[in-house]
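Working notes, structure below.
Lettering of chains follows the sequences in order, A, B, ..., and the numbering in each one begins at 1.
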Amino acid sequence: MSNTLTLFRSLLAAVCAALLAACGAAPVRGTGDLGLVIERASGAVLVVDTTARSVLARVEGLGDLSHASAVFSRDGRYAYVFGRDGGLTKVDLLLGRIDKRIIQSGNAIGGSISQDGRLVVAQNYEPGGIKVFDAQTLELLADIPSAYGDGTRRSKVVGLADVPGNKFAYALFDAGEIWVADVADPRAPKVTRYRNAGSQPYDGLVTPDGRHYLAGLFGEDGVALVDLWRPEQGVRRILPDYGKGQEKLPVFKMPHLRGWAVAGRHAYLPAVGRHEVLVVDTATWQETARIPVKGQPVFVMARPDGRQVWVNFAFPDNGWVQVIDTLEGRVVHTLQPGRAVLHMEFAPRGESVWISARDDHRVMVYDTANFRELAQLPAASPSGIFFTARAARIGF
Amino acid sequence: MLPSRRLAVTLLAAILAGGAAADTQPGAARQRELVRLVRQDCGSCHGLTLKGGLGPALLPGALRDKPLEALRYTILLGRPGTAMPAWKTILSEAEADWIARRLVEGFPEER
């Protein structure tokens, strides 16, 4: 009897060991086709596979993810998710779990990762400023308050973008300034301030070559521009006549800017408070066209090859997405991916695009060549979609 | 409908709306839409939890000293010189009033 029991026990142990080996060792895979979908209301993110068009894992416990965004480690394994509540969470895409998490401020709006991948920077509303962290350990290395005026007030920070040389450019919404922080030595950051950049910069972008930083202005007409190759020239204003003397529509959602706005030699910018996309020649920084669209643009994103520009809209036109053909300079297709379209993300080479429809709780995937639906993935109030290809781009 | 009768109906509606703006509660279905609108769309500036973002916090503590009337008109007319838009094309006066009252007492969660 005892012999039988012993035999049974050893058999059981062998079976368990075999099962553990099979399940425990994750299949070896890369992360180049992975990404994250933010579930903004449930504090969770989905790890997605853009080849299989499937959800690999759901990671919970990331806090308040309204207006959350993510950047990626340079090896594409980790995502750094910046939450509204000041949470900074490092997510392991391969293991589908949180690697580290800190609360770094009271109210944050996004972040960026340095050129060398060693520093993660968060931009904060409250208390205003940026904070620099070790990308591996999330240890705080530098705190740069956005103090302005008599030095007692701190501005909300918007439009943070990494630029070459382990620098970060950003704009101060309340102060109307653009700052460039050199964090090559993170323990001793050097900040260059550009005062009088313009009233209420609402977001910023750096061109894909890392040369020009642009801040869109909400409080006045025009866009502020800094040539980072020639910083001694200071900040200058472009598109100064845009919308002057005309009553703007109420802006129910701030437009977003990022380097994806550039397609070939032109930048496609969302007009503030108008149903238009502005086309700007990046060689001269002159406006070359205005393309009428269905609503007030929020995201204006070029397909990676630059042939198409996809546009979504502010409330109440947020059920629509339009596609501009950049050769023809006009809208060639209109889609209805679902209610409350919040974000779009192209596959790294642009053959497909993923679009989140918050109020229909789904992510739609479309073929960008023929606009056919390729897949639908369920997600709870999805907002931002971020693919690992961002790890290799300047300005993210 | 005859033009004169239509005018009379419009006038009556205007009088009713003016006199009863604060008393006319939005229906249950509309209330759910308004909660979602505030949480999600106002939330894009004020935060999903309404503790503030680009726009200020809309929690009871932050609104304690603000007259209801001022809150209602801030919602309807916006605040010139700031990023706060006028919602009068989206919301009626009664709806803005309903939202203002809920904000002051602690805004309901989405269900």
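- In plain terms, the two heavy atoms of L54(B) and Y125(A) that are nearest each other are N-CE1, 3.0 Å.
- The minimum heavy-atom distance between K156(A) and G53(B), with the atom names listed, is CE-O, 3.2 Å.
- Among R84(A), R40(A), H67(A), the single residue meeting the side-chain contact (heavy atoms from CB on, under 4.5 Å) criterion with L48(B) is R40(A).
- Within a 6.0 Å sphere centred on CG of D143(A), other residues, nucleotides and ligands contribute more than 12 heavy atoms.
- Residue D174(A): no heavy atom, backbone or side chain, is found under 4.5 Å from chain B.
- In this structure, L342(A) CG and Q40(B) CD are separated by 8.0 Å, a value rounded to the nearest 0.5 Å.
- Taking every heavy atom of both residues into account, P85(B) and F252(A) meet most closely at CG-CD2, 3.8 Å.
- Contact annotation for F218(A): only side-chain heavy atoms (C-beta onward) come within less than 4.5 Å of a heavy atom of chain B.
- Only the side chain of S381(A) comes within contact range of chain B, judged by heavy atoms closer than 4.5 Å.
- Salt bridge status for K51(B) with D85(A): absent, with no side-chain N to carboxylate O gap under 4.0 Å.
- For the atom pair T89(B) OG1 and L249(A) CG, the distance stands at 9.0 Å (nearest 0.5 Å).
- Minimum heavy-atom separation, T82(B) to Q200(A): CA-NE2, 4.1 Å.
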